[in-house]
There are 2 protein chains.
Amino acid sequence: MSDKRRSTRRRRGSEQPTLQQVADAAGVSAITVSRALNAPERVNAATRVKVLATVERLGYVPNLVAGSLASARSRFIAVIVPSLANAVFIEVIHGLQETFEREGYQILLGNTDYDIEREYQLIRTFLGWSCSALVTAGLRHSEACRSLLTHWDKPIMEVMELGDALDLNVGLDHHEAGRCMARHLLAQQYRSVVYVGACLDRDYRARMRFEGHREVLHAAGLEAPMIELDQLGSLDAGASGLERVLSRYPSADAIHFANDDLATGALLRAQRLGMTIPGDIAIAGFNGLPLGQHVTPRLTTIRSPRENMGRLAAEEVLKRLDAKRVTRRRHDVGFELLVGDST
Amino acid sequence: MSDKRRSTRRRRGSEQPTLQQVADAAGVSAITVSRALNAPERVNAATRVKVLATVERLGYVPNLVAGSLASARSRFIAVIVPSLANAVFIEVIHGLQETFEREGYQILLGNTDYDIEREYQLIRTFLGWSCSALVTAGLRHSEACRSLLTHWDKPIMEVMELGDALDLNVGLDHHEAGRCMARHLLAQQYRSVVYVGACLDRDYRARMRFEGHREVLHAAGLEAPMIELDQLGSLDAGASGLERVLSRYPSADAIHFANDDLATGALLRAQRLGMTIPGDIAIAGFNGLPLGQHVTPRLTTIRSPRENMGRLAAEEVLKRLDAKRVTRRRHDVGFELLVGDST
DNA sequence: CGCTACCATGTTAGCGCTAACATAGTTTTA
DNA sequence: TAAAACTATGTTAGCGCTAACATGGTAGCG
């Protein structure tokens, strides 16, 4: 009976109408309203129309918290990235968001600031929200995090890099990307190439690229000097990176930057200093951001399919959620050397 | 009695331990565990230690969905922005996130893509999550959205612009910013100034700046021509904006762009075309993004305190949530004319 | 010493919804 | 035409947690 008396204890009574009130007003049971909203094909058309009209009339807004508790699942997807300052992650998020929202999922966004402990905390919290899936950037997690996740039974997608993933994996081979750019620089006859990165302990994908780069240089019998900046990718950092290279390796003929922000910052600073690129020094980046294609000379870089990576990751997760279809676990999205005029 | 028999009906049994299981293991009642976790000062120190040790031992992760339902509030803050492609919103979000996360709130991020109908849908969904507060970019909402929000009793913060807000308001005066830049351009003796914006019906704050700009030019007895691009702020759009100005207003001596992305795109294109800035044409932007300060010549623009805006907005919301202290409803964060070398 | 005040913990009753099972009516099938 | 199958809707019992009230113990106080 819908009108059973409340106990004498008051509970916070929000003014919002509840499912039961809609049901009473429409002359049906609560479950019918629930079905009209969540599985319309399971109620008779006439009933459905009547119910939805009542929903509209009362301004009913479903309490998703209650629904999630009852069904033990929410339409949340946890998405964890190491930074929002980097356009790369923004684009990946955009791809994810677009795809997930179309299917009625809401992204719960977490930012670790490249801190693996924070990632653990965030994941703990997000699991408490009964997320339907988790998308996280990268394969490296704390021990505690790993054990938490191996006991979790929902889809886990690790994006950005390829490797030994917990579950699903969409990304590219950063070692190989580093090698690719180093080979290009050697082919252009540069022989004194400095790698410049920022916070490589935290941005370990940049370190992987450096390792690929170093392999190629060593194989060619060359040194592979490296400078590590203590400020994460930004134009400013790139500018100071250029200056550090100039003072520490005056004979350098090329700089391989860990990303486009750094490379562009350096390129713009070089111009301000009146230097010629690539005459005085060559500059290469990584990511293929639009910015690098607008400066003159156009930046040589490696384009990663960022939005696509997000979209593909989301699609794979959705496939799993939908039908538990077995999907390919690992997808290499590849990359592309973009030869500009800066090398 | 904790061990009361389940009905014969099976429910999905997640493997996760529940509060009750922790309570049993620790030899206390469920509410004591709840308090040990959420209001530690309300339980005896010895009990607290015992309970927390049990929590740790069992790997208990609180079910936040259940907690929210029971308490009719979640530690979610709904944040709604029109775009993620624009660095401005990213920085505002960053400021919000930093401040809210420190107090244990989680941001629920929604992206309207400058669509006021989508904003309504997002807000509806978010209210269903019992958010503790709503932060939204801008003062313009659909009629339905307004009426939904006026009946909502939690803090509402509208950021970016100042005006007739629903509740709290942190932002700056875009009309005045437009006027400010126009005055600067006139003071520099430019007399044929074109305003270039993108999608001004959706990015109505850019239109407000244009209106301020136009007022000043008209007051000086000048025309105020305007070009509207159909691609939202990007370097590409800026480059094509420059070309459209050159072909349509060959005698223009200055361009006032709606934002820094457009302005920088134009500046870089002008350089590629071999033009001199500001000799051949002056260029001004809006936002004060780092990019504009790295190009040569440095971009003349207006700096808005973006992260600060986010931080301040979050702090004001928190004040309200904390103690229901009466707070100033409107905060003008101001802006600053940044005179570079491009005008 | 009896009273109030307060502290620590417990009991009870939902929060608003949906899964699982139940039921009545209708159509299909052999 | 009776059994089987399906359709539309309803009943019941929680999901896991916390608010509100309850209780028993200890301290404070004139």
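Reminder, nothing fancy here: chain letters follow the sequence lines and each chain counts from 1.
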N/O contacts under 3.5 Å, protein versus nucleotides 25-28 of chain C?
none

| NZ/NE/NH1/NH2 to OD/OE distance under 4.0 Å, Arg146(A) and Glu143(A) | no
| note | On a heavy-atom basis, the closest approach of Leu84(A) and Val81(A) is CD2-CG2, 4.2 Å
| message | How many whole angstroms separate atom OH of Tyr60(A) from atom P of dG16(C)? | response | 10 Å
| Got a sec: does the CZ of Arg75(A) have more than 12 other heavy atoms crowding it under 6.0 Å? | yes
| query | Contacts to DNA chain D from residues 40-51 of chain B, heavy-atom cutoff under 4.0 Å, which residues? | reply | none
| query | Between dG16(D), dA19(C), dT18(D), which one does the side chain of Ser71(B) approach most closely? | reply | dT18(D)
| task | Return no unless some side-chain N or O of Arg73(B) is found under 4.0 Å from OP1 or OP2 of dA19(D). | result | yes
| field | Side chain of Leu19(A) (C-beta onward), nearest among dA19(D), dC17(C), dA19(C) | value | dC17(C)
| field | Integer-rounded Å distance: dC15(C) C1' and Leu69(B) CG | value | 4 Å
| task | Heavy atoms only: give me the nearest Ser142(B)-Glu117(B) pair and the separation to one decimal. | result | CB-OE2, 3.8 Å
| task | Could you tell me whether the side chain of Leu139(B) reaches within less than 4.5 Å of the side chain of Asn169(B), counting heavy atoms only? | result | yes
| DNA chain D contacts among residues 25-35 of chain B, heavy-atom distance under 4.0 Å | Ile31(B), Ser34(B)
| request: Check the distance between dT18(C)'s P and Arg75(A)'s CZ and give it to me in whole angstrom. | output: 12 Å
| query | For the side chain of Arg35(B) and the backbone of Val43(B), is there at least one donor-acceptor N/O pair under 3.5 Å apart? | reply | no
| For atom CD of Gln16(A) and atom P of dC15(C), their distance in whole Å | 15 Å
| message | Expressed as a whole number of angstroms, how long is the span from Leu37(A):CG to dG16(C):P? | response | 16 Å
| message | Can you tell me which residue among Arg140(A), Arg330(A), His141(A) is in a side chain to side chain donor-acceptor pair (under 3.5 Å) with Glu158(A)? | response | His141(A)
| note | When every non-hydrogen atom of Cys145(A) is compared with those of Glu119(A), the smallest separation belongs to SG-OE1, 4.0 Å
| Quick one: Asn38(A) CG to dA20(C) C1', roughly how many Å, whole number? | 16 Å
| said: Would you say that Thr99(A) contacts Leu318(A) through its side chain, given a criterion of any heavy-atom pair below 4.5 Å between the two side chains? | reply: yes
| Between Ser68(B) and Trp129(A), is any pair of side-chain heavy atoms under 4.5 Å apart? | yes
| task | Nearest whole angstrom, please: distance from the P of dG16(D) to the CD of Gln21(B). | result | 9 Å
| query | Is there side-chain contact between Phe126(B) and Gln106(A), with heavy atoms separated by less than 4.5 Å? | reply | yes
| request: Look at Asn63(A) and dC15(C) and indicate whether a side-chain polar atom (N or O) is within less than 4.0 Å of OP1 or OP2. | output: no
| 4.5 Å side-chain heavy-atom contact, Ile77(B) and Leu321(B) | yes
| remark: note: Trp129(A), atom CH2; dG16(D), atom P; distance rounded to Å ~ 15 Å
